[in-house]
Amino acid sequence: MPTPNLADLYDEHASALFGFLVNFTRHDADARDVLQEVFIKLVRTPGLMDGVRDPRAFLLRLAHNLAIDQGRRRQTRDRYHAESGADAVELFAPAPDPDRRAFQSALGVALAELPPDQRAVVHLKLWEGLTFDRIAEVLEIPLNTAASRYRYGLDKLRVHLRPLYDEIR
Amino acid sequence: MKTDDPFERLLAEQSLKPVPSHWRDSILATAEAARSPATPRPQAGLWDTLRFLFCPSPRVAMGLGGVWILIFGLNYLSLPTVDRPGRVTLASSSPVLRLAWLEQQRLRQQLLSEEISSPGSTPSPVPALRPRSARSGQTRVC
């Protein structure tokens, strides 16, 4: 597959990458920085996407790796984020229904309490609709690890959100 | 997402917030700006390669060149004077010295000609040794 235009790539994948990065980093500015790095890397490495079958999965993998690198570089800031209530980040588009908005807010808090590894798998499964095979490729983990992380993460979300879920059901 | 679990379906139905629209232009512009310095010009690339191969450090190369020039200069100055091309002789360097040199040459020629003109002349005879008692009239001063 030839390398597509940079603007086309952005229009097609930026929102998905941004959603994943916000959920993974729990910080809008960090998500923006990593999103920027993704496109800079694409520009500086011609042919990086040559032969890529699934551009979305490839870009998610690139974004994940860059987000991990960023986290290592900014360990001090990440600790500050963790201590300063990182769950305040807005992850979802506001729903018109107040009950739904409350559920979204609780879901955001519950996701923030998941370990980043579980959160990444849950995000890719729920909001990107990837199979465990593809999640394992994107995150470079074994298939069984991806499946187990999803199960553990989903169980924690279920426990956190059960009261609200029972209300709105 | 296809699932039989209503809880998973409810989670998946929550729509994520979109990427802020005003980020697009700045992100793409920054990425394009990052492209320019990274794209090498063909000539610059060739020049850089040659410079890296033959002259990785211009300062060191200039220093080595200076040392070689100094070595060549010292070597030239230490050559025997007869082998030095374009040597200015002492006689031709100054009119006074030249006159003195010509005088020396003239005297030398004169001496040589005198020796040639009297080849049969014999050296003065060495006085025969006489007994010490017969040399009373002679006094030797040491």
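Order of the sequence lines sets the chain letters (A, B, ...), proteins ahead of strands, with each chain counted from 1. We use all heavy atoms of the structure for the numbers below, so side chains are in, but hydrogens, waters and symmetry mates are not.
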Side chain, backbone, both or neither: which part of A:F92 has a non-hydrogen atom closer than 4.5 Å to chain B?
both
What part of A:Y10 gets within 4.5 angstrom of chain B, counting heavy atoms only: side chain, backbone, both, or neither?
side chain
Can you run down the ring-ring contact (aromatic ring centres under 6.0 Å, His included) pairs that involve residues 99-125 of chain A, sequence neighbours left out, and say none if there aren't any?
A:F20-A:H123, A:H123-A:W127
Using heavy-atom distances under 4.5 Å, tell me whether A:N23 contacts chain B through its side chain, its backbone, both, or neither.
neither
Tell me, side chain or backbone of A:A95 under 4.5 Å from chain B's heavy atoms, or both, or neither?
neither
Given a strict heavy-atom distance threshold of 4.5 Å, which part of A:L130 is in contact with chain B: side chain, backbone, both, or neither?
neither
Just by distance, with hydrogens left out, do B:S26 and A:R32 show a side-chain donor and acceptor under 3.5 Å apart?
yes
With ILVMFWY side chains joined below 4.5 Å, transitively, what does B:L74's cluster contain besides itself?
B:L70
Counting heavy-atom pairs under 4.5 Å with chain B, the top scorer among A:K41, A:R158, A:E37 is A:R158
Is A:L107 close to chain B through its backbone or its side chain, or both, or neither, when contacts mean heavy atoms under 4.5 Å?
side chain
Checking A:H64 side chain against A:L60 main chain: does a donor-acceptor pair fall under 3.5 Å?
no
Determine whether more than 12 heavy atoms belonging to other residues, nucleotides or ligands lie under 6.0 Å from atom CZ of A:R151.
no
Can a salt bridge be assigned to the pair A:D28 and B:K17 using a cut-off of 4.0 Å between side-chain N and carboxylate O?
yes
